[in-house]
Amino acid sequence: MPSFNPQNVPLPAGHLIGGKIHPGNGERLRVNRPSDGQFLGEIPDGDAALVDLAVTNAHQSWLESGWGTCAPRERAKVLRRWACLIEEHRVTLGQLEAVSSTRPIYDVINHEIPFTAEAIRFYAECCDKYSGDVLPTRSSSLGMLVPEPYGVIGAITPWNFPLSMASWKLGPALAAGNAVVLKPSELTPFSTIKLAELAIEAGLPAGVLNIVQGRGVSCGSALVNHPLVRKVSFTGSTVTGAQIMSQAALNGMKPVTLELGGKSPQLVFDDAGDIDVVATRIFRGFTANGGQACVAGTRLVVQSGIADALITKLVALCESVAPGNTWSGACRYAPIIDVRQAKKIESIVQAAVKEGAQLLAGGEFFANTEQGYFFKPTLLAGVGAQSVAVQEEIFGPVLTIQTFETEEQGLALADHAIYGLAAGVHTLNIERALRAMRRLAAGTVWINRYGRSGDFIIPTGGFNGSGIGKDLGRQAYEACLRYKSVLIDF
């Protein structure tokens with residue numbers, strides 16, 4: 001994958017409303033490059049008036065264009081054209097993503113953009129595949145369950161995977177016939193604008209998809225609270241998710257889909273198989289995107305018989321990593337998004353060591369990365385169940401290590417009081433794997449792998465403090481429809 005010059009990437013500077021860039025008014029927000037901390041550009045901080053303009057425009061466009069009432073296959077045609085345009089513009093999208101986010105250009109081009117395009121194609125195929133139902137009633141009447149779109153859906157996406165997270169929200173909502181107003185993270189705002197422009201180029205009526213920029217406390221809150229927003233979909237922290245759920249309840253009793261934080265265990269039994277394969281799988285599970293993923297497998301719970309050998313392999317893998325700018329084709333390791341997140345990671349690691357954790361690898365920043373923040377892959381052993389590193393979502397490349405003797409002990413350690421987003425189980429004993437799957441309170445359980453595949457039919461979403469509802473799968477599509485019960489006498 002060729003490198004590129006970050007100075008040569010043109011940045012869309014504003015909101016996208018009615019198919020046109022809107023410069024916005026008021027305060028401007030600075031956007032820095034995570035790789036070196038250098039200034040990249042500015043975006044407007046949308047206020048309630050700007051959000052009202054975007055939502056009203058979306059509602060009117062939705063009504064006037066007939067997007068929600070046209071033949072489902074007409075929507076599918078537009079979405080399929082959009083997916084093709086995403087692939088055709090992969091270099092432009094990839095550079096916009098890489099220059100302003102933690103995603104190396106190699107990963108964006110080879111993984112994120114193909115994933116984004118296929119997610120849109122998957123939901124194009126859903127347009128005419130799921131419907132209501134005819135219900136059994138007495139012979140002199142007809143009962144039906146009729147689905148219909150909500151209207152305007154408000155979506156808020158995080159900074160860690162800007163393009164693919166946008167596809168999770170936009171694909172099902174648009175396929176189901178809704179309009180969408182989406183707010184990307186103010187830290188990674190640019191690639192989402194280009195993505196939306198390609199949707200309009202593909203034939204989506206201008207205004208059915210609007211993008212607003214700004215902070216969560218201003219722009220995000222105004223979007224959630226707007227009376228014409230009928231449903232909200234959010235991916236981000238558990239604390240913010242709870243605030244959004246409360247706001248949605250108090251401003252129209254809107255349904256919400258919330259994909260929130262995680263503290264996911266990687267439960268490894270003695271019979272997990274090839275130690276090199278398992279070590280690589282675990283390593284990728286907590287270092288991908290610099291550990292900045294809600295589903296990152298950051299808690300290693302390993303049976304004692306395999307623990308020493310596995311830890312030795314993990315230490316070697318941690319020491320093999322080198323940092324690099326995200327616009328370098330050779331870069332494979334992501335920076336931390338900004339100084340605030342970097343300081344959080346550092347402070348939690350230091351607190352865990354002060355509590356008695358043993359630092360086996362990492363625990364500090366790489367040197368000579370200008371003002372970028374590349375945190376070394378870090379292993380913390382000897383941590384107790386109440387350690388800050390075990391309890392809190394760090395959102396960085398930090399793996400805690402706990403050992404166990406019996407299956408029951410392992411399952412108890414894998415449990416978490418707050419989070420239940422994902423879990424990994426590593427064993428070649430299928431009975432043990434299925435017992436563990438049944439016991440683990442997690443919305444996704446991976447067995448002998450860690451991370452998603454290209455099977456979009458499999459939804460993702462958490463239990464407990466990790467969220468409500470599902471992204472991806474038919475469940476995400478159906479959640480973008482409301483169902484009307486109908487009873488006809490004749």
Side-chain angles (χ1 to χ4, degrees), residues 1-11 31-38 40 83 85-120 157-168 184-185 187-192 194-195 198 280-297 317-338 365-366 368-370 372-377 395-397 449-454:
M1 176 55 56
S3 303
F4 67 95
N5 185 340
Q7 304 291 343
N8 295 336
V9 180
L11 305 174
V31 180
N32 293 334
R33 301 190 303 233
S35 291
D36 60 5
Q38 299 302 305
L40 178 61
L85 287 174
I86 291 169
E87 292 172 332
E88 290 174 18
H89 290 79
R90 60 187 178 276
V91 173
T92 300
L93 284 168
Q95 291 179 354
L96 283 169
E97 182 101 329
V99 74
S100 63
S101 79
T102 61
R103 310 290 293 134
I105 185 64
Y106 176 89
D107 287 342
V108 180
I109 296 291
N110 289 284
H111 302 293
E112 191 131 356
I113 288 174
F115 183 100
T116 300
E118 280 302 299
I120 300 302
T157 52
W159 49 260
N160 51 353
F161 300 94
L163 284 173
S164 58
M165 291 293 98
S167 74
W168 287 23
S185 169
L187 302 178
T188 55
F190 299 116
S191 59
T192 307
K194 181 62 178 178
L195 183 70
L198 292 176
T280 301
R281 190 188 301 151
I282 302 257
F283 180 74
R284 289 174 179 166
F286 84 93
T287 60
N289 201 33
Q292 297 162 112
C294 295
V295 296
L317 287 170
C318 289
E319 294 174 348
S320 70
V321 168
N325 293 328
T326 54
W327 48 86
S328 166
C331 177
R332 298 293 185 272
Y333 188 69
I336 304 305
I337 185 66
D338 63 5
F365 295 99
F366 284 97
N368 304 318
T369 58
E370 299 182 62
Y373 292 90
F374 290 83
F375 202 80
K376 293 182 178 179
F395 228 62
R449 64 173 294 127
Y450 200 86
R452 290 198 56 83
S453 67

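What you see is a predicted model; the values in this text were computed from it and never measured. Start at 1 with the first residue, then count along the sequence.
Cation-pi geometry between Arg284 and Tyr450 is not met: the NZ or CZ atom fails to fall both under 6.0 Å from the ring centre and inside 45° of the normal.
Here the shortest heavy-atom pairing between Pro397 and Ile336 reads CD-CD1, 4.1 Å. Between Arg452 and Arg449 the shortest heavy-atom distance is O-NH2, 3.2 Å. Across every non-hydrogen atom of Thr102 and Pro335, the tightest pair is CG2-O, 3.2 Å. In terms of heavy-atom proximity, Pro377 sits nearest to Phe283 at CB-CE1, 4.2 Å. Between Ala83 and Ala117 the shortest heavy-atom distance is CB-O, 3.5 Å. Taking all atoms of both residues into account, the shortest heavy-atom contact from Cys318 to Phe286 is SG-CZ, 4.1 Å.
Rounding to the nearest 0.5 Å gives a distance of 8.5 Å between CD1 of Ile113 and OG of Ser191. Note: Thr92 OG1 to Lys194 NZ = 6.0 Å, rounded to the nearest 0.5 Å. With rounding to the nearest 0.5 angstrom, the CE atom of Met165 is 9.0 Å from the OG1 atom of Thr157. For the atom pair CD1 of Ile120 and CD of Glu87, the computed distance is 11.0 Å after rounding to the nearest 0.5 Å.
Between the side chain of Ser3 and the backbone N or O of Gly329, at least one donor-acceptor pair lies under 3.5 Å. Looking at Asn160, its side chain does come within 3.5 Å of a backbone N or O of Gln292 through a donor-acceptor pair. Judged purely by atom type and a 3.5 angstrom limit, Thr369 uses its side chain to pair as donor or acceptor with the backbone of Gly372. One N or O on the side chain of Ser101 and one on the backbone of Glu97 form a donor-acceptor pair closer than 3.5 Å. Side-chain atoms of Asn5 come within 3.5 Å of backbone N or O of Gln7 as a donor-acceptor pair. Put simply, the side chain of His89 gets close to the backbone of Leu85: a donor and an acceptor are under 3.5 Å apart.
Other residues, nucleotides and ligands contribute only 12 or fewer heavy atoms inside 6.0 Å of the CG atom of Asn368.
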task = I would like to know whether Leu163 and Leu195 meet side chain to side chain contact (heavy atoms under 4.5 Å, CB included); could you show each step before the answer?
result = CA-CA 8 Å; Leu163 284 173; Leu195 183 70; 4.1 Å; yes

query = What do the steps show when you test Val31 against Leu187 for side chain to side chain contact (heavy atoms under 4.5 Å, CB included), and what is the final call?
reply = CA-CA 6 Å; Val31 180; Leu187 302 178; over 6 Å; no

task = Decide yes or no on side-chain hydrogen bond (donor to acceptor under 3.5 Å, both in side chains) for Thr188 and Ser100, but give the supporting numbers first.
result = CA-CA 6 Å; Thr188 55; Ser100 63; over 6 Å; no

query = Passes side chain to side chain contact (heavy atoms under 4.5 Å, CB included), Gln95 versus Trp327? Steps please.
reply = CA-CA 7 Å; Gln95 291 179 354; Trp327 48 86; over 6 Å; no

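Contact of the Arg103 side chain with the Asn289 side chain is registered, since non-hydrogen atoms from C-beta on lie closer than 4.5 Å. With a 4.5 Å cut-off on side-chain heavy atoms, Phe4 and Ile105 count as touching. Between Val321 and Lys376 the shortest side-chain heavy-atom distance does not fall below 4.5 Å. Annotation: side chain of Cys331 is not in contact with side chain of Tyr106 (no heavy-atom distance under 4.5 Å). For the pair Leu40/Asn32, no side-chain contact is recorded, criterion being any heavy-atom separation below 4.5 Å from C-beta on. Looking at heavy atoms from C-beta onward, Leu93 lies in side-chain contact with Ile86 at the 4.5 angstrom threshold.
Residues satisfying the ring pair (Phe, Tyr, Trp, His ring centres under 6.0 Å) test with Phe365, not counting sequence neighbours, are Tyr373, Phe375. For Glu319, the salt bridge (Lys or Arg N to Asp or Glu O under 4.0 Å) test picks out no residue, with sequence neighbours left out.
For Trp159 and Phe395, the ring centers sit closer than 6.0 Å to each other.
Of the residues listed (Pro6, Pro34, Ser35), the one engaging Thr326 in a side-chain contact (heavy atoms from CB on, under 4.5 Å) is Ser35, and it is the only one.
Thr116 and Ser164 share no donor-acceptor pair across their side chains, judged by distance under 3.5 Å alone.
Ring pair Phe115/Trp168 is tilted by interplanar angle, where 30° to 60° counts as tilted.
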